[in-house]
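Written out below as structure tokens is the structure these notes cover.
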Amino acid sequence: MAIVNENHLKLPGNYLFAEIGKRVAVFKEQNPSAEIIRLGIGDVTRPLPMACIDAMHKAVDDMSRIETFKGYPEYEGYDFLINKIVENDYQKRGISIGYDEVFVSDGAKSDTANIQELFGLNSRIAVTDPVYPVYVDSNVMAGRTGEYIDGKWTNVTYLPCTAENGFVPELPKEKVDLIYLCLPNNPTGTTLTKEQLKVWVDYAAKNKSIILFDSAYEAFISEKDVPHSIYEIEGAKEVAIEFRSFSKTAGFTGTRCAYMVIPKELKAYTTDGSEIGLNRLWYRRQATKFNGVSYIVQRGAEAVYSEEGQKQVKETISYYLTNASIIKNGLESIGIKVFGGVNAPYIWMQTPNKMDSWAFFDKLLNEANIVGTPGVGFGPSGQGYFRLTAFGSKENTQAAVERFKTRLKV
Ligand code: PLP
């Protein structure tokens, strides 16, 4: 008799987006002529940079000739892409990363979900709250999180990030082994300074914990004192894995390419206290479970680093950041308190009068025909907040802000 992994049964359904879809469908049925604007989109909408398209066309041609045809790619990625990553994303910032410390993959979602496989089932995880749901759910599937009671897992340490603490998580009271940090943050759009991040690196060093640092939104950083990589912090190579993605950087959400850095210095332990290098452990895991990212896609990702590619990527990021500032400024002008939107495509607004997140969702949909995402869907500390995104068109973003000003009865 095949018995299922019952940990999967513990997962609450994908309540957030299913519930949003349901409420929007009901509203549309009752208001067929309403023109809905979606500011809840977590996906990019602008096309790929032309430099990437050209590179991929060329790579398709390579596949047609016996001399240039490629079969299975390397598990860790092609040298041509890894070299560009190391030189542009690290060396240019004064960070030394080895070429064999980079692992190219099909997405930061799979990387951040799969990395927990390297760690013992008794490891205690800590997550910022609110949080990108993949970190917690992948640990639920593995059986690491205990029971789900009142919106929280009993074996997970939640690190609240709210307006009260300036979205700076406090160190946990109990000892934790794995710490997920997402900076710039989804959903709050906020960041930490180098000094604030150093507190976590020091904590991890002291407690032999590991930081899983998701910087999928690094390309949106526009302020000077915000670290682009955790390895800008002294000692981070001994305690942190970094995740990056071409998804939001260069519009690769549908094309799929990302990477992860596991420094050789990074060690975890066996129960008898022996040190184990995680770089080799991950290589072995990938060699078994992953057959690489296609040559065509990696050529496309390589082109992100070309002069043309960089110019085009910056134009797109700037388009989204302009949308973010339109939302931020527009909402602030009518007295709404907002966070993020400067170093990230997300605007995290406090609901008027600290209204329940879902009640505000309904109000915004009914009065202004705008769809956003209730903050509580990202974790208990998201209650009383609401996420808006900058990934729509400029026209729709402007129209939505106008509706906030003229239709919303605050
Ligand atoms: N990490 C965060 C914080 C995200 O918000 C997302 C996507 O929304 C991802 C990772 C997924 O990235 P990818 O498209 O590379 O799988």
Side-chain angles (χ1 to χ4, degrees), residues 14 16-17 20 38-46 48 52 77 81 85 89 102-116 125 127-139 159 161 167 169 178-192 211-221 226 228-230 240-261 286 290 292-294 297-298 300-301 304 313 316-317 320 324 340-341 343-348 372-373 375 377-379 382 387-392:
N14 193 354
L16 180 62
F17 291 100
I20 290 174
R38 293 179 188 271
L39 288 190
I41 330 168
D43 194 356
V44 296
T45 54
R46 312 288 299 163
L48 285 167
C52 301
L81 176 56
I85 290 169
D89 291 345
V102 176
F103 295 87
V104 173
S105 78
D106 65 345
K109 184 185 223 175
S110 33
D111 283 345
T112 54
N114 291 334
I115 193 66
Q116 47 77 30
I125 71 157
V127 292
T128 52
D129 169 25
V131 73
Y132 176 56
V134 170
Y135 314 147
V136 173
D137 287 1
S138 54
N139 279 285
L159 310 166
C161 291
F167 300 92
L178 301 173
I179 303 152
Y180 289 85
L181 295 179
C182 172
L183 296 160
N185 189 262
N186 175 18
T188 66
T190 57
T191 55
L192 295 184
I211 298 174
L212 302 167
F213 189 80
D214 185 348
S215 65
Y217 298 96
E218 178 274 338
F220 291 84
I221 295 174
V226 179
H228 286 251
S229 162
I230 192 163
I241 293 175
E242 180 158 288
F243 304 88
R244 294 261 188 115
S245 173
F246 294 96
S247 282
K248 307 293 160 73
T249 304
F252 272 57
T253 54
T255 312
R256 312 305 303 146
C257 197
Y259 70 86
M260 170 167 153
V261 177
Q286 290 296 78
F290 186 60
V293 175
S294 87
V297 168
Q298 291 194 57
V304 166
V313 161
T316 305
I317 297 282
Y320 294 135
N343 298 297
Y346 298 118
I347 290 96
W348 189 240
T373 315
F378 298 98
R387 192 190 75 171
L388 300 168
T389 82
F391 287 127

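One-based numbering, in listed order, for ligands and for the atoms of each. What you are looking at is a predicted structure, and each value in this text was computed from that prediction instead of being measured.
Within the 4.0 Å heavy-atom criterion, neither part of F246 lies near ligand 1.
Of the protein's heavy atoms, Y132 OH, 3.4 Å lies nearest to atom 11 (C) of ligand 1.
No donor-acceptor pair under 3.5 Å is formed between the side chain of S110 and the backbone N or O of D106.
Contact record, A301 with C257: CB-SG, 3.9 Å, taken as the closest heavy-atom pair.
Of all atoms in ligand 1, listed by their number and element, those nearer than 4.0 Å to a heavy atom of G107 are 15 (O), 16 (O). Close contacts between ligand 1 and C182 involve ligand atoms 3 (C) [criterion: under 4.0 Å to a heavy atom]. Applying the 4.0 Å criterion to heavy atoms of S245 picks out, from ligand 1, the atoms 13 (P), 15 (O).
Distances from atom 8 (O) of ligand 1 to the heavy atoms of R256, K109, K248 put K248 nearest.
Side chains of E218 and S229: a donor-acceptor N/O pair is absent below 3.5 angstrom, by distance only. Between D111 and S105, the side chains place a donor N or O and an acceptor N or O closer than 3.5 Å (distance only, hydrogens not considered).
Residue-to-ligand polar distances place A108 within reach of ligand 1: an N/O pair is separated by less than 3.5 Å. Geometrically, ligand 1 and D214 share a nitrogen or oxygen pair separated by less than 3.5 Å.
Aromatic pair F103/Y259: ring centres not closer than 6.0 Å.
In this structure, Y132 and Y135 have perpendicular ring planes: the angle between them is above 60°, well past the 30° mark.
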